[in-house]
Amino acid sequence: MEIPLFSKKKKAERFERLAAESERQVYSVCFHMMGSREDAQDCAQEAMLRAFRAFDTFRQDASFSTWITRIAMNVCTDALRKRRDAVSLDALREDQGFDVPDAAPTAYARLEEKERLRLLREGLSLLPPDMRQMIVLRDMQGKSYEEIGEILELPLGTVKSRVSRAREKLSVILKKSSELFSSPSV
Amino acid sequence: MDCKEFSNLLDAYMDGALPDADARRMRDHAAECEACAALLSLRQDCRRMDGEIQVPDSFSSSWRQAIREEKEMEEKPQKVFYWKKWAAVAAALVFVVGGTLASRDGLPSRRAIDSNASSYSSFREQALSDPSSTSYKAMGADSMTNAAYDRAYSAMEAAEEEAVDYAQDTNDAGAQTEKIIRSASFNVKTADYDADLQKIQDLAADMGGRVEYLTTSGDASSGQTRSASLTLRIPARRLDEFLTGAQGVGTITGMTQQMEDVSDSYYDTQTRLKTQQEKLARLQDMMASAQDVSDLIEIESAIADAQYYIDRYTGTLKSYDSRVDFSTVRVFVRETKVTETKEVSLGERILTGIGDSFREFGWFLEDMVIFLASALPWIIALTAVGFAVVLIIRARKNRKNKKEKKVQEQ
């Protein structure tokens, strides 16, 4: 439904008020998904603009935060799809498997916090976008499975299974990278 | 607690949803199990990563600025759009109203002319039976030369010229009366149309004249104003009497009288006629004594010529006589409606004005519908062209926007 001219100003004010409350949420999602400040800022700004343009269609049956997070996720996945490092992700996916339920990154846990965070960031960037979303929303931002289902418009069962697979994948990546990091150089 | 339980409760532990006792058990297990400790550490690091995020000031300001610019862009085209919309509405109004007003005269009338009306048919009959036309036989004369014919003809031509010159030179006023053609015309306005029309015809008859031509128009039964056009022939000597008598019929407007002195022309023609008659007599004598067949043929030809001119001059003189003796009077009679005037109050005038306006507006709307229907092919054609132009412009704009977006993304 088109908002008539006389309330366009009010639309902008209302949007800015709501967006300000979700500003950190949007930036955080974009930062974790994209892995760099510059890309995060670009995607977050794009997400804000898309949300503003689509504000007329915001039906208020979901919270504004949920709605704008969905938009931010879509912007990031679009951007990631265009990036070249997706090719290397596919290669990695084939190398690793999911059939190591106890691939706990024990070596990872022994590292210093700074190193752990660096490896975690790298490991996250190696995950495919659909898995990365799960780690970001569930483990980083602490969203409930129901909330994740609303944001990504997925059934609860699908969310749970994807989260589980994403965690396994990340564990394997971190196990490998942390063992590599920990092994003494020859 | 075993690792499986630990793994199952880890989500709740990270969300702070576990009772204290369970939370303690979780910590105790992690202290003993390296693998579970690693999992816990990983989860905690994930939360820590998110907690360390700080929103740059540049992002805060940039997205707000972007929203403001977007808002201005949305408003700008819409203002233009509104302007364009109103301009389009105004142009459409000008087209419809202006076109209706300009073409009103050309639109089919509310009343169709009845071409079978009696006044038109009587007019046509009169025109067709006009008795005033005269025709002359065209006589072609052989141009063969013959000594006798040439000599006789030359002599007769010379005599004819002498007679004309003599008539012009003498100018004897006593032997020749003036030949004056008088004519008149006037208009009559009358409220008593039938009676006054009859009065004029009776007056003409009383003067010894006649109605040469009468045509009427208008229909009293349908409220139309009636009128009549008469051509009267009044004896010239009683013309003034007739015109005086006509003053008492209705209201006379615009009377004119004319006098044309045709004396010279008349007597010229008379002389020429006499010459031709004498010429004819001589030719007839010559014919009686002619010996040669070729002479006979030439004299016959000359006789035909002479007869032609005699007929012609006779006709001319008759016409002059007719017009001199009988003046032509043209009368136009028009019926006027008798209206009683009375004082009209302001309220009545306002109501009448409003009523007239509504009626005029109703007629205008009728005319507008007819105009729009008549112009429909043009409207359809112009709309199709306009639509095509808009599509082309939009397609170009979209292509341009996609190009710019691609450049920005790169």
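Letters A, B, ... are given to chains in the order of the sequence lines, protein chains preceding strands, and every chain is numbered from 1. All heavy atoms count here, side chains included; hydrogens, waters and symmetry mates do not.
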Notebook entry, point to check: Aromatic ring centroids of A:F52 and A:F58 under 6.0 Å?
Noted result: no
Notebook entry, point to check: Contact part of B:M49 toward chain A, heavy-atom cut-off under 4.5 Å: side chain, backbone, both or neither?
Noted result: both
Notebook entry, point to check: Does some side-chain heavy atom of B:H29 sit less than 4.5 Å from a side-chain heavy atom of B:M26?
Noted result: no
Next item on the list: Give, as side chain, backbone, both or neither, the part of A:A20 having an atom under 4.5 angstrom from any heavy atom of chain B.
Entry: both
Next item on the list: Give the member of B:R64, B:M14, B:Q44 that has the highest number of heavy-atom pairs under 4.5 Å with chain A.
Entry: B:R64
Next item on the list: Please look at B:S7 and chain A and tell me whether the side chain, the backbone, both or neither of the residue comes under 4.5 angstrom of a heavy atom of that chain.
Entry: neither
Next item on the list: Give, as side chain, backbone, both or neither, the part of B:E69 having an atom under 4.5 angstrom from any heavy atom of chain A.
Entry: neither
Check: Are any non-hydrogen side-chain atoms of B:R43 and A:R167 less than 4.5 angstrom apart?
Finding: yes
Checklist line | Option that, when pairs with chain A are counted at under 4.5 Å, heavy atom only, ranks first among B:A37, B:C3, B:S60 | finding: B:S60
Notebook entry, point to check: Just one of A:M33, A:M131, A:K143 clears the side chain to side chain contact (heavy atoms under 4.5 Å, CB included) bar with A:V136, so which one?
Noted result: A:M33
Next item on the list: Could you tell me which portion of A:E46 (side chain, backbone, both or neither) has an atom closer than 4.5 angstrom to a non-hydrogen atom of chain B?
Entry: neither
Margin query: Taking side chain as everything from C-beta outward and backbone as N, CA, C, O, which of these in B:D45 sits under 4.5 Å from a heavy atom of chain A? Side chain, backbone, both or neither.
Written below: both
Margin query: Could you check whether atom CG of B:N398 has more than 12 heavy atoms from other residues, nucleotides or ligands sitting under 6.0 Å from it?
Written below: yes
Check: For A:R138 and B:R47, which heavy atoms make the closest approach, and how far apart are they?
Finding: O-NH2, 3.8 Å
Margin query: Which atoms of A:A51 are under 4.5 Å from chain B, going by heavy atoms: the side chain, the backbone, both sets, or neither?
Written below: neither
Margin query: Please rank A:A47, A:A44, A:S144 by heavy-atom pairs under 4.5 Å with chain B and give me the top one.
Written below: A:A44
Notebook entry, point to check: Taking atom CG of B:D20 as the centre, does the number of heavy atoms from other residues, nucleotides or ligands within less than 6.0 Å exceed 12?
Noted result: no
